[in-house]
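Only one structure is covered here, and it is reproduced in the block below.
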Number of protein chains: 4
Amino acid sequence: MPKISASAQHARRERILDHAERCFARAGFHRTTMQDICKAAEISPGAIYTYFDSKEALIAGLIERDRAKLQGQFAGLAQAPDFMAALAGLAEHYTVEEPDYKRALFIEMGAESTRNPQVAETMRSCDSFVRDSFIALLTRLAAEDRIRPSAEIEVVVGLMLLMGDGLLWRRAVDPGFDARTMLPALMAVIAPLVNPVPQLPHAPARQATAPAPAAAPRIAGESV
Amino acid sequence: MPKISASAQHARRERILDHAERCFARAGFHRTTMQDICKAAEISPGAIYTYFDSKEALIAGLIERDRAKLQGQFAGLAQAPDFMAALAGLAEHYTVEEPDYKRALFIEMGAESTRNPQVAETMRSCDSFVRDSFIALLTRLAAEDRIRPSAEIEVVVGLMLLMGDGLLWRRAVDPGFDARTMLPALMAVIAPLVNPVPQLPHAPARQATAPAPAAAPRIAGESV
Amino acid sequence: MPKISASAQHARRERILDHAERCFARAGFHRTTMQDICKAAEISPGAIYTYFDSKEALIAGLIERDRAKLQGQFAGLAQAPDFMAALAGLAEHYTVEEPDYKRALFIEMGAESTRNPQVAETMRSCDSFVRDSFIALLTRLAAEDRIRPSAEIEVVVGLMLLMGDGLLWRRAVDPGFDARTMLPALMAVIAPLVNPVPQLPHAPARQATAPAPAAAPRIAGESV
Amino acid sequence: MPKISASAQHARRERILDHAERCFARAGFHRTTMQDICKAAEISPGAIYTYFDSKEALIAGLIERDRAKLQGQFAGLAQAPDFMAALAGLAEHYTVEEPDYKRALFIEMGAESTRNPQVAETMRSCDSFVRDSFIALLTRLAAEDRIRPSAEIEVVVGLMLLMGDGLLWRRAVDPGFDARTMLPALMAVIAPLVNPVPQLPHAPARQATAPAPAAAPRIAGESV
DNA sequence: CATGAATGAGCGTTCATTCAT
DNA sequence: GATGAATGAACGCTCATTCAT
């Protein structure tokens, strides 16, 4: 019979994560003190250790939460009728809708992952999830002839991830970055890679004269 | 009456930067102590402050030096007979030849730039130099009809930078990143953006056939 | 209207003391946390303060309980037909039978008594009880001519206590201490101090022969 | 070319040890904070770590210094013409001349040694030194027929150490302990164990009729 | 100019104790 | 009475920076 209900406990944990996220993004992991987070979350220094064993665990908890959220977003992507539109929406979401501090934190986490194995592992698993989801999705779409990828799907997905990271990075680091211009330009680069087949509503698909594939040159990969 | 010659002083400064770079890349800015750097560079904690006013100034000095080096590398790019080959070489250099710690440091500096205005300013100026160099170069190449960019040059360069950063980031952060596969794939994505005109040595360029630009659809930007 | 019966309350108090004893002996007073004891005794941190006002009070309670147990053991000593045998048994008990942690705790309590007046007072009263019991006992035995102490009884008892403490200390502190050898040696040192008169069962004690005391030189003290 | 001379450095180290000793004796290892010691020694918290790596190392340093001092004192004992007088002097020194806090610290160190292996090892080596010195000394004296131990020398020394520790313990723990009475009484107990042979100055030693040994009953040990 | 011992504010974390439930 | 989450003052220790030598 705990003094606090499970839901209240969860809420408090979330509250700590929320404030930790802002603090870490503002000042970086190492310049942020536990006291900073305590003050922001209006919690005592002792109490925070009820929820997280250490500062490291707090960082890991943050990444973990992000991953969970990401998984939800990918479930949506898989159901989307128009893949390219969904992808554009995803890019828009992370580039425009999400507040700056989320991206700053992403960079911070990448930097931390180059030396903190625990953080590296959590990020890697997060990244693998995204990659695998994309590969599974594109494979299915290709099997349904809704896309005709211009290269091996692994390579196409690799390029998409690379561009996605580049997008996030520049948005975070370059104050002059113009998302309105660059987002469509980026989609225009990705489109021929994925090469979506126009879906003719209420009409028999795949006419003999379907022209697009011919124009989509295969790009390099180890194998053809 | 300085006890040490100007050149010896310069050498010592370089030595500090060299070791600071390795230390910072290994452990991050905040986990690296001035003592660590002093030990590595075999200098006393007092002396290091003769060369750099503070730890922050040391970080800034590091970025500054990188910028200078970068400028040299870009001078070469502009003279290269084959732009795409030169670009591929550049990508190869930063992805394969440079040691890991340089990329870790790049990420670290990006993270730092989101909160340290001095670092942000130095990085921004470095970035602007690269961007301006590319724009000037592509503009000249386009004027000489050696390339026929598929979009506004500013946008093309913006995409190239984005992809370059994405490349560096993934190479730094993703241990499974396969540069051998991804580098050619990336070049294949950039090629139609820049759209280089095949140079027939000592022969009149082919004009009879419809030129490439027709096949290169203009990609989006606010302006067309 | 107490929810818990007096006996259950007493049992719980004892349980706390039992586990506190083990915890304190294992880690010392200051390295043992109240949480450690709570976990061991399966009680909540709030509840433990119902039984003991503070950590200090818990320590004092422990010593107090030891004193009570000691008093029981001394009652037996006084009734023993053979004083030296009973003494040897006592030494054997504290040196061999009692587990290590009891002796570690004894040392710990001695250390604590040098600065904690409450602990000092409890220990002193415990010590006085033992001393007074011994003095009363030896005085009676001397009056009955069952022993012929070689010095003032106070001094003899003082030496016995000193040796007893030395025995406990070395047994606790010196891992190479060999009780099997040292215990008889110690008894052989004490014997001439106490100088027990051989008891001939059911026969008039021998008086004709010069009694032992002649050979037992009085040992020093300010008074003789 | 250090800022501080080696001797000044040594003096500062000694100063820290001096004050640490008093602080530890007054409040125990765990209740004494590094700040307490810093304040007492008038040093900054940072500076103390130049001399000692940790609080543990400071404690170990303290014991180490005691050992060194002890070794000096034993050198004197070995040269003494009258062993029993020298022993009495030693007992007097540790019981009466040394300030209380030294003995409190001794108890503290014993308590600490039951759980801190580093402390245990240092104390054990200190103890072994004393034991070995005594054994070597008594063996030599016995060979020179200046003493005729009443039991195996190892056992005699074991008893002496036990009594010495008991003496220190009671002196530290029992405020009513009367050294003036107990010291001679203790020497009177030890004397027949060691059994010194009266040295007749200017007379041929070892007369046939040397009587003492006959009266000194062998005391128990595993072997005779 | 170089040295390196010294400084001291501040770090992440602990834990005896409290009190709303 | 019992609970256990919360409190918050310290704790041991670090490290960017200074300054007497």
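Chain letters run A, B, ... following the sequence lines, proteins first, then strands; residues in each count from 1.
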Response to the item:
Taken to the nearest whole Å, NZ/Lys55(A) to C1'/dT14(E) is 17 Å

Response to the item:
note: Arg15(A), atom CZ; dA6(F), atom P; distance rounded to Å ~ 12 Å

Worksheet item: If you pin Gly46(B) and Met34(D) to their nearest nucleotides in DNA chain F, which one's is more 5'?
Response: Met34(D)

Item to complete: Could you tell me the separation between the CG atom of Asp36(A) and the P atom of dG12(E), rounded to a whole number of Å?
Response: 8 Å

Practice prompt. Spell out, as yes or no, whether a donor-acceptor pair under 3.5 Å connects the side chain of Lys55(B) to the backbone of Phe29(B).
Written response: yes

Worksheet entry | Side-chain donor-acceptor contact under 3.5 Å, Glu112(D) with His30(D) | yes

Worksheet item: Side chains of Gln35(C) and Pro45(C): does their closest heavy-atom pair fall under 4.5 Å?
Response: yes

Fill in: Ile43(A) CD1 - dA5(F) C1' separation (whole Å)
10 Å

Discussion item. Of the options dT13(E), dC13(F), dT17(F), whose atoms approach the side-chain atoms of Ser54(B) most closely?
Written reply: dT17(F)

Worksheet item: Which value, in whole Å, describes the distance between the P atoms of nucleotides dC1(E) and dT21(F)?
Response: 22 Å

Worksheet item: Could you walk me through whether Arg65(D) and Glu21(D) pass the side chain to side chain contact (heavy atoms under 4.5 Å, CB included) check?
Response: CA-CA 11 Å; Arg65(D) 188 174 71 163; Glu21(D) 194 170 38; 3.3 Å; yes

Item to complete: Ignoring the backbone of Thr33(A), work out which of dG12(E), dA2(F), dT7(E) is nearest its side chain.
Response: dG12(E)

Practice prompt. Measure from the side chain of Pro45(D), starting at C-beta and using heavy atoms only, and say which of dC13(F), dT7(E), dA5(F) lies closest.
Written response: dC13(F)

Discussion item. For the residue pair Thr32(C) / Arg26(C), report whether a side-chain donor-acceptor contact shorter than 3.5 Å exists.
Written reply: no

Item to complete: Let me know the distance between CG of Asp53(A) and P of dT13(E), rounded to the nearest Å.
Response: 9 Å

Item to complete: Would you write the dot-bracket representation of DNA chain E, where each base gets (, ), [, ], | or . depending on whether it forms a Watson-Crick or G-U pair under 3.5 Å and with which partner?
Response: .||||||||||||||||||||

Item to complete: For Ala111(A) and Ala111(B), work out which heavy atoms get closest and say how close.
Response: CB-CB, 4.3 Å

Worksheet item: What is the distance, rounded to the nearest whole Å, between atom CD1 of Ile16(B) and atom C1' of dC1(E)?
Response: 13 Å

Fill in: First encountered from the 5' end of DNA chain E, between Gln35(B) and Thr32(C)
Gln35(B)

Discussion item. Please tell me if Tyr49(C) has a side-chain N or O lying less than 4.0 Å from either OP1 or OP2 of dG4(F).
Written reply: no

Worksheet item: Which heavy atom of Arg115(C) sits nearest a heavy atom of Ala25(D), and at what distance?
Response: NH1-O, 4.4 Å

Worksheet item: How close or far is atom P of dT3(F) from atom CD of Gln9(A), stated in whole angstroms?
Response: 17 Å

Worksheet entry | Candidate nucleotides dG10(E), dA2(F), dG8(E), ranked by approach to the side chain of Ser44(D) - the nearest | dG8(E)

Worksheet item: Mapping Arg31(D) and Thr50(C) onto DNA chain F by nearest heavy atom, which one lands closer to the 5' end?
Response: Thr50(C)

Fill in: Interatomic distance, Glu42(D) CD vs dA6(E) P [rounded to whole Å]
14 Å

